[in-house]
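Just so you know, ligand 1 is whichever comes first in the structure, and atom 1 is the first atom listed for that ligand.
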Amino acid sequence: MECTIEKNTRACACTYEPCGRKGKCCACVEYHRRSGELPGCFFPPAAERTYDRSVAAFVAAVGKRRDGR
Ligand code: SF4
């Protein structure tokens, strides 16, 4: 299987620039899953920029979007 790190990095919605996992989606998912979190690209932009990757933050952000708040 071909590694698509360059394509992934260009499309990455995570704004945390110092992270060495950008574009390495397998490492990103593994890291956040181990911490009980979700990758930044799952979050709406405003919530992503808080760098809170917790499931609670995701549910709060997505719930807000659905409610239109
Ligand atoms: S979501 Fe986390 S692991 Fe993935 S690129 Fe952003 S900071 Fe790095």
**Request:** Looking only at protein heavy atoms, identify the closest one to atom 6 (Fe) of ligand 1 and say how far it is in Å.
**Result:**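 Nearest neighbour among protein heavy atoms for atom 6 (Fe) of ligand 1, to 0.1 Å: Cys14 SG, 2.3 Å.
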**Closest protein heavy atom to atom 2 (Fe) of ligand 1, given as residue, atom name and distance to 0.1 Å** =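 Protein heavy atom at minimum distance: His32 NE2, 2.2 Å.
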Would you mind listing which atoms of ligand 1 come within a distance below 4.0 Å of any non-hydrogen atom of [X]?
X: Cys19; answer: 3 (S), 5 (S), 7 (S), 8 (Fe)
X: Arg21; answer: 3 (S)
X: Gly40; answer: 1 (S)
X: Lys22; answer: 5 (S)

**Prompt:** Do you know which two heavy atoms are closest between Cys25 and Asn8, and how far apart they sit?
**Reply:**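 Result for this residue pair: SG-ND2, 3.7 Å.
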**Asked** Phe43 and Leu38: which non-hydrogen atoms are nearest, and at how many Å?
**Response**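 Looking at all heavy atoms of both residues, the closest pair is CE1-O, 3.7 Å.
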**Prompt:** Counting heavy atoms not belonging to Lys22, are there more than 12 under 6.0 Å from its NZ?
**Reply:**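 Enclosed.
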**Request:** Check whether more than 12 heavy atoms from other residues, nucleotides or ligands sit under 6.0 Å from atom OH of Tyr51, and answer yes or no.
**Result:**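 Yes - once you tally the heavy atoms of other residues, nucleotides and ligands closer than 6.0 Å, there are more than 12.
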**Message:** Tell me whether Glu37 is salt-bridged to Arg33, with the criterion being a basic N under 4.0 Å from an acidic carboxylate O.
**Reply:**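 A salt bridge is absent here (no side-chain N lies under 4.0 Å from a carboxylate O).
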**Request:** Decide, counting backbone as well as side-chain atoms, whether Cys28 has an N, O or S atom less than 2.8 Å from atom 6 (Fe) of ligand 1.
**Result:**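 Within the cut-off used here (under 2.8 Å), Cys28 places no N, O or S atom near atom 6 (Fe) of ligand 1.
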**Message:** Tell me whether Arg53 forms a cation-pi arrangement with Phe58, defined as NZ or CZ under 6.0 Å from the six-membered ring centre and within 45 degrees of its axis.
**Reply:**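 Cation-pi check for Arg53 and Phe58: fails.
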